[in-house]
Amino acid sequence: MLHLLDLRKNKDQIVQKLKIKNFDAHALVSSAISKDDERKTIQQKSDELLSEQNKIAKQIGQFFKSGKIDQANELKQSSSNLKKESQKLLSSLHKIEDDIFNILVQIPNVPHDSVPNGNSEMDNEILDEYGTKPILEKNALCHWEIAEKYKLIDFKLGNKITGSGFPVFTGKGAKLQRALISFFLDENINAGYEEFLPPSVVNSDSMFGTGALPDKEGQMYHIQSDNLYLIPTAEVPVTNFFRNTIIKDFPIKCTAYTPCFRREAGSYGKDVRGLNRLHQFDKVEIVQIEHPENSYNTLDKMVKHVSSILKKLELPFRIVKLCGGDLSFTSSLTYDFEVYSAAQDRWLEVSSVSNFESFQSNRLKLRFKDTDGKSKLCHTLNGSALALPRIYAAILENNQSDSGIRLPDVLHSYSGFEYIK
RNA sequence: GGUGAGGUGGCCGAGUGGCUUAAGGCGCACGCUUGGAAAGCGUGUAAACGGGAAACUGUUUCGGGGGUUCGAAUCCCUUCCUCACCGCCA
């Protein structure tokens, strides 16, 4: 959610920049500002009335104490009248505040100056490509076939006990999953992130704080009996640690492994084959809270960090800067990481590293004290480091040969084996 | 699930309708003191939204929401959460 003061200050610029997201904000921004003008007028009047009532109430107290009952009763009447008036004002104040809020939540975050124009993922800018695509034998298998051949993942068993999109990892397959989680966490800890293991279920305040509510209600699993939500990413619990706080020392660097739950309503077709798109998957997330002056510098560092992990895994990957049309509602600038999955001959998104600037902080009331003594909004950033399923798929596909699957060297000490045969 | 006790500032904690401008303490900041430090003493110490060039100032906030009253941290309703004991249980 954008901050009204920013909207007032940079109205034209913001409207202009949002066009890159193919969003015409003109009408919304104008009406938010004019409603805010109205709000100020009402607040001024209502503050005056309340102030008057407070004075009268004190006066009445004095009169009662000194036994001047008649004078007190007179004042009571006038205060009653004032109260009726101020109650009307207060209810219109609340109404207009709701209106403004409902407008603000419809306006997406302002894209960074460097975001390229474009309508879809076709227009994203490929910044860098690392590694070389492996040349596979003609009889090379896709990861779901490999998983079945070597008994690493049992999709049918998942269907039986839960449904599609909920795979069961078995034997060395389960061990590999656990190895990847540990490896990612250790890489993040070595880069200065503090590890957390949060709940996988959060309340609606938390979902609202990071923007999943009200925008994505239908995409989440909701436990109605307790009004709790299964988290779609660790970003939600971890960023909400800092809801309603004033930060003293920057940066704050957190990492967390969690399962992630997504309903993926509306997804279908070959994209959902195997591990490509799941309802439950594992992910290790990194989250940073930064001073606004440093946040883009920090975003670059996060990009370098994620790159370094992918290099260690010996996977070919590319870094993509999202164009305006593909950028999420809440993000100012996002870099996607895609690994090459050889048997599918596809680039698969495995990480998305974003700077949200103060868009989340505004909802979260996440602030710091600036040198002028005033509260300012922090910047929040996060990224996957990394999402497991597609990494898993790429490792299986890219490293297959007649003699089995060779695991990248960095995983050996975690998995306890070098080959899957 | 049952019963009971609670939710007050950064933290602890007092506060049963006007004397609260939320006592007192801790912490923190600044100053005095000192050769330097500690101790001691003094001063200050929340957020949001307004008005004002500024000094300053108005309103709101004692878990959330609603109500009673001229006036609510305090009374009533409702809801959420925490703790303790019991029951069940990995």
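Side-chain contact check for A:Trp144 versus A:Leu275: every heavy-atom pair is 4.5 Å or farther apart. At least one side-chain heavy atom of A:Asn227 sits less than 4.5 Å from a side-chain heavy atom of A:Ser204. The shortest side-chain heavy-atom distance between A:Leu377 and A:Leu366 does not fall under the 4.5 Å cut-off. The shortest side-chain heavy-atom distance between A:Asp36 and A:Arg8 falls under the 4.5 Å cut-off. Side chains of A:Gln16 and A:Lys19 form a contact here, defined as non-hydrogen atoms less than 4.5 Å apart.
Within the shown strands, nothing qualifies as a pairing partner of B:U20 under the Watson-Crick or G-U definition with both distances less than 3.5 Å. With a cut-off of 3.5 Å on both pairing distances, B:A72 has no Watson-Crick or G-U wobble partner at all. Partner assigned to B:A48 is B:U59, using Watson-Crick or G-U wobble distances below 3.5 angstrom. Look at B:C30: its Watson-Crick or wobble partner, with both distances under 3.5 angstrom, is B:G42. Nucleotide B:A53: unpaired (no Watson-Crick or G-U wobble partner with both distances less than 3.5 Å). Shown here, B:C11 forms a base pair with B:G25; the pair counts as Watson-Crick or G-U wobble because both key distances fall under 3.5 Å. Searching all strands for a Watson-Crick or G-U wobble partner of B:A84 with both distances below 3.5 Å returns B:U3.
A:Asn117 and A:Asp123 share no donor-acceptor pair across their side chains, judged by distance under 3.5 Å alone. Checking A:Glu397 against A:Ser341 by side-chain atom types alone, a donor-acceptor pair falls below 3.5 Å. Residues A:Glu38 and A:Gln43 bring no donor and acceptor atom of their side chains to less than 3.5 Å of each other. When only modelled atom types and interatomic distance are considered, A:Thr233 and A:Lys283 share a side-chain donor-acceptor pair under 3.5 Å.
Looking at heavy-atom distances under 4.0 Å, A:Gln44 makes contact with sugar-phosphate atoms alone, never a base. Residue A:Lys83 is classed as a base contact, given a heavy-atom separation below 4.0 Å to a base. Residue contacts for A:Ser46: at a heavy-atom cut-off of 4.0 Å it reaches no nucleic acid atom on any strand shown.
Phosphate contact (OP1/OP2 of B:G50, side-chain N/O of A:Arg39, threshold under 4.0 Å): present.
A:Glu187 and A:Lys312 are joined by a salt bridge, as a carboxylate oxygen and a charged side-chain nitrogen come within less than 4.0 angstrom of each other.
At whole-Å resolution of the value, CG in A:Asp36 and P in B:C49 are 10 Å apart. In this structure, the CZ atom of A:Arg243 is 13 Å from the C1' atom of B:G63, given to the nearest Å. One interatomic measurement links the two molecules: NZ of A:Lys84 to P of B:C70, which rounds to 10 Å at whole-angstrom precision. The CZ atom of A:Arg8 sits 8 Å away from the P atom of B:G50 (whole-angstrom rounding). The distance from atom CZ of A:Phe64 to atom P of B:G71 is 12 Å, rounded to the nearest whole Å. To the nearest angstrom, P of B:G71 lies 12 Å from CG of A:Leu75. One interatomic measurement links the two molecules: NZ of A:Lys76 to P of B:C70, which rounds to 6 Å at whole-angstrom precision. Distance A:Lys376 NZ to B:A48 P: 11 Å, rounded to the nearest Å.
A heavy atom closer than 4.0 Å to some atom of RNA chain B occurs in A:Asn54, A:Ala57, A:Ile60, A:Gly61, these being the qualifying members of residues 53-62 of chain A. Shown for residues 194-208 of chain A: no residue has heavy atoms falling under 4.0 angstrom of RNA chain B.
Rounded to whole Å, the C1' atom of B:U69 lies 10 Å from the corresponding atom of B:C75. Using C1' as the reference atom, B:A22 and B:U16 are 15 Å apart when rounded to the nearest Å.
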